[in-house]
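All figures in this text were calculated on a predicted structure; none of them were measured in a lab. Values reported hereafter were calculated over all heavy atoms of this structure, with side chains retained and with hydrogens, waters and symmetry mates removed.
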Amino acid sequence: RFLELLNLDALPQRNLLMLLVGCAVFFFVMKTIFSVYFLRRTLRYMSIRNAQISSTLVSKMLNRPVEKIFSKSIQHQIYNVTGGVERLIGGVVTTLVVIVSDLVLLLVILVGLMLVDPITSIGTFIVFAGIGFLLYFLLHKRVSVLNNKNAYLTIYFNQKVSEGINSFRDLFIKGGREYYVNEIRSSKMKLAQYDAEIKFIPNISKYTIEISVILGVAIIAGIQFYLFDSNRAIAVISIFLAASTRIAPAIIRLQQNMIQVKSSLSAAKPTFDLIDELKGVEELDRSETVIGTTHAGFLPKLNLENLKFTYADAIDGTIQGISLDIAPGKFIAFVGPSGGGKSTLIDLILGLLAPSSGSIRISELAPVDAIKKWPGSIGYVPQDVFIENSTVKENICLGFDPKTVSDQLVWDALKLADLSEFIEGLDGQLSYKISDAGKNLSGGQRQRLGIARAMFTRPHMLILDEATSSLDGATEVDISESIYALRGLTTVVMIAHRLSTVREADKVIYMDQGRIVAEGTFDEVRNAVPNFNEQAILMGL
C-alpha cells in the first residue's frame with residue numbers, strides 16, 4: 001500500500017527489495033543516532049538534577065535548629081542526600097524516561113502489525129501485556145520490601161563501621177572489637193542476600209517472556225495454518241517473529257524498569273521523608289560569608305527576657321522563664337549541676353535553637369540576624385571540638401576560604417590559645433596535616449585549636465562551653481589569663497565545671513532545672529547555694 005501511494009509498485013522486485021533494505025538501514029541508523037544523542041542529553045540532565053537536589057537538601061538541612069540536625073544519625077543523613085537522591089533520580093526519573101521510549105516503540109510496532117493483521121496484533125498485545133502485568137504484580141511487592149530493608153540496612157552497616165573506627169580505643173581495651181565485627185559481618189551478609197535476590201528477580205521476567213514468545217509462535221502458527229492458506233500463514237508468522245525480536249526485549253525492559261521504579265521508590269523512602277520534613281525550610285544564601293575582624297557597629301551586649309524552651313520530645317521545659325541583662329565587656333560564668341540547662345541556654349543564645357517563648361537580643365538584634373550582620377563578631381568554643389582532616393590553617397579557618405585569610409591572623413589566634421609554640425615545631429607549621437578527628441593531637445591541643453578557631457576573627461563576644469575541660473592546670477591558667485585580659489573589650493560568657501576558672505568572673509550565675517537559682521559574685525553565689533559551696537571546698541577554693 002505504501003509503495004502504491006508513492007507510485008513505486010511498478011518497479012522490478014529486485015529494485016523494490018533494494019529500496020526497502022535501504023530505507024530500513026537508513027531508519028535504523030537514524031534511530032540509533034537519535035537514541036545516543038537523547039540518551040546523552042537525558043543522562044547529563046539527570047546528573048545535574050541529582051547534584052542540584054542533593055545540594056538543596058544539604059542547604060536546607062543546615063538551615064534548621066540544632067535539635068533537628070542531630071535528630072538522626074550522621075550515616076542516615078548522608079544516605080538521604082547521596083544514595084537516596086541517586087535512587088530517586090537514576091532509579092525513578094531516568095527509568096521513567098526509558099519506560100516512555102519503550103512504550104513508544106511498542107506502539108509503533110503494534111500499529112504496524114495492525115496494518116498487516118489486526119487479529120494477530122491484538123492477540124500479540126494481549127499475550128505480552130498480560131504476561132508483563134502479571135509478572136509486575138507478582139514481583140513488585142517483593143522488590144519493594146527487599147529494597148526498603150536494603151536501604152535501612154545499608155545505613156545501619158555504614159553506621160556500625162563508623163562507630164567501630166571512632167570507638168577503636170574503647171573497643172580495644174574492653175575487648176569489644178569482635179562484637180562490632182560480628183554486627184558488621186551479619187548486616188553485610190543480609191545485604192548480600194537482599195542484593196542477590198534483587199538482582200535475580202529481573203531474570204524471572206526475561207525467561208518467562210522468552211518462553212511466551214516460543215509458545216506464541218506455536219499458537220499463531222496453528223491458527224494461521226488452520227484458517228488461511230500457507231502463503232499468508234508463513235507471511236504472518238514471519239512478521240510476528242520479526243516483531244517479536246523487538247517486542248520481547250521491549251516488554252522485558254518495560255517490565256524490569258517498572259520493577260526498578262518500584263524498588264527505587266522504596267530505597268528512596270528516607271529521602272522522601274527528608275523532603276517532606278524540609279518543606280517550608282529556606283535554603284542558605286548562595287554567597288559565601290566574608291571574613292570580618294573589625295565588626296563595626298556591633299555592641300557585645302546580651303538581653304534575655306522571660307526565655308522559655310522545651311524540646312520537641314520532652315514533657316517539662318528545659319529553660320523556664322530566664323531573664324538576664326549582660327552589659328558589654330563583662331565576664332559572665334554559668335555554673336550548676338549537669339542537666340541544669342546551661343548548654344541549652346548557650347544554644348539558644350547562639351541562635352542554634354529557637355525559643356518556645358520570650359526573646360533573645362544580641363546588639364539589639366535576634367541572634368541569627370546579629371550573626372548574619374556581623375559574621376565573626378561572636379566566637380564559640382564547644383566542649384567537644386570538631387577537627388577536620390586538613391591542615392592547621394584550614395582547621396582554624398573552618399567555614400572560610402583559607403586563601404582569603406592572612407597567616408598573621410591565624411598566628412595571632414594560635415598565640416592567644418597558647419598553641420603557637422607547638423605549631424612552630426611541626427613540619428610545615430600552618431600547612432601541617434591533622435589526621436581525621438585530630439588523632440595526632442592530644443585532647444588539650446584539640447581544645448586549644450578550638451579556642452584559636454573561635455578567636456581568629458577577633459570576636460567582640462566569646463562564648464565558651466566548658467572549653468577548658470581538657471586542659472592541664474598550667475595551660476588552663478595561661479588561657480584563663482588570656483580570656484580575663486579580654487574583659488572590657490570583649491563580652492565573655494562561659495560554662496565551667498572547674499570553679500577555679502570562674503573565680504574572677506564579674507558575675508556567676510547558678511542554674512538548676514532550667515532556672516536561675518542564684519547570681520552575683522563567686523562568693524555571693526557560694527553563700528547562697530550550699531551545693532556550690534561544697535564543690536568549692538572540695539576543690540580547695
Side-chain angles (χ1 to χ4, degrees), residues 43 45-96 140-168 179-199 201-202 257 259-284 312-313 384 386 388-389 436-437:
L43 292 176
Y45 174 77
M46 294 303 175
S47 296
I48 292 173
R49 288 297 298 151
N50 189 335
Q52 290 174 338
I53 292 173
S54 293
S55 301
T56 298
L57 289 177
V58 171
S59 180
K60 289 186 174 185
M61 281 172 58
L62 297 180
N63 199 25
R64 295 186 301 169
V66 67
E67 63 173 326
K68 294 289 186 181
I69 291 177
F70 293 108
S71 61
K72 293 184 176 66
S73 71
I74 299 297
Q75 293 299 329
H76 193 114
Q77 299 191 65
I78 290 173
Y79 179 86
N80 287 345
V81 299
T82 55
V85 176
E86 288 172 7
R87 296 303 295 269
L88 173 61
I89 298 298
V92 178
V93 182
T94 304
T95 305
L96 286 173
H140 84 281
K141 287 185 178 179
R142 181 59 180 164
V143 168
S144 178
V145 170
L146 286 172
N147 277 275
N148 197 14
K149 289 181 177 180
N150 190 74
Y152 284 100
L153 193 57
T154 298
I155 294 170
Y156 178 78
F157 172 79
N158 292 335
Q159 184 175 327
K160 285 300 173 185
V161 172
S162 177
E163 289 173 359
I165 294 172
N166 290 327
S167 62
F168 176 79
Y179 165 77
Y180 265 90
V181 171
N182 289 333
E183 282 290 298
I184 291 166
R185 182 184 291 114
S186 174
S187 58
K188 193 62 177 177
M189 288 301 295
K190 289 180 182 178
L191 281 171
Q193 293 171 8
Y194 293 153
D195 186 59
E197 190 170 352
I198 290 168
K199 289 179 178 177
I201 285 176
N257 285 330
I259 291 179
Q260 172 69 20
V261 169
K262 188 71 177 179
S263 66
S264 296
L265 286 171
S266 299
K269 186 180 182 302
T271 299
F272 281 117
D273 293 341
L274 177 64
I275 291 172
D276 289 338
E277 190 179 323
L278 294 176
K279 283 182 179 177
V281 178
E282 298 293 330
E283 284 191 65
L284 292 170
D313 55 351
D384 298 318
F386 169 75
E388 65 175 13
N389 186 19
D436 190 35

| request: Check whether any side-chain heavy atom of Thr271 lies under 4.5 Å from a side-chain heavy atom of Arg87, and answer yes or no. | output: no

| remark: All heavy atoms of Val93 vs all of Met46, minimum pair found to be CG1-CE, 3.1 Å

| request: Go through the steps to decide whether Val161 and Gln75 satisfy the test side chain to side chain contact (heavy atoms under 4.5 Å, CB included), and finish with yes or no. | output: CA-CA 10 Å; Val161 172; Gln75 293 299 329; over 6 Å; no

| message | Is there a side-chain contact between Thr56 and Leu278 in this structure, where contact means two heavy atoms from C-beta onward sitting under 4.5 Å apart? | response | no

| Within-4.5 Å side-chain heavy-atom neighbours: Leu57 and Val85 | yes

| message | Strictly by salt bridge (Lys or Arg N to Asp or Glu O under 4.0 Å), give each pair with a member in residues 47-64 just once, sequence neighbours left out. | response | Arg64-Glu277

| note | Separation between OG1 (Thr94) and CD (Glu86), nearest 0.5 Å, reads 11.0 Å

| Between Ala268 and Gly84, which heavy-atom pair has the shortest distance, and what is it? | CB-O, 3.6 Å

| query | Does the Ser59 side chain pair with the main chain of Ser55, one donor and one acceptor, at a distance under 3.5 Å? | reply | no

| task | Over all heavy atoms of both residues, which pair between Tyr79 and Ala267 is shortest? Give the atoms and the distance, please. | result | OH-O, 2.8 Å

| Atom pair CZ (Phe272) and CD1 (Ile275), whose distance is rounded to the nearest 0.5 Å | 6.0 Å

| remark: Sorted by chain and number, sequence neighbours left out, salt bridge (charged side-chain N to carboxylate O under 4.0 Å, His left out) with Lys269 holds for Asp273

| Which distance, rounded to the nearest 0.5 Å, do you find between the NZ of Lys72 and the CD1 of Ile78? | 14.5 Å

| Spatial distance of atom CG (Leu153) from atom NZ (Lys190) [nearest 0.5 Å] | 7.0 Å

| task | Measure the CD1-CD1 distance between Ile74 and Ile69 for me, rounded to the nearest 0.5 Å. | result | 9.0 Å

| remark: d(Gln193 CD, Leu191 CG) to nearest 0.5 Å is 9.5 Å

| message | Quick one: does any side-chain atom of Thr95 pair with a main-chain N or O of Gly91 as donor and acceptor, under 3.5 Å? | response | yes

| Any side-chain hydrogen bond (donor to acceptor under 3.5 Å, both in side chains) pairs touching residues 148-161, not counting sequence neighbours? | Ser73-Gln159, Tyr156-Glu183, Gln159-Glu163, Lys160-Glu163

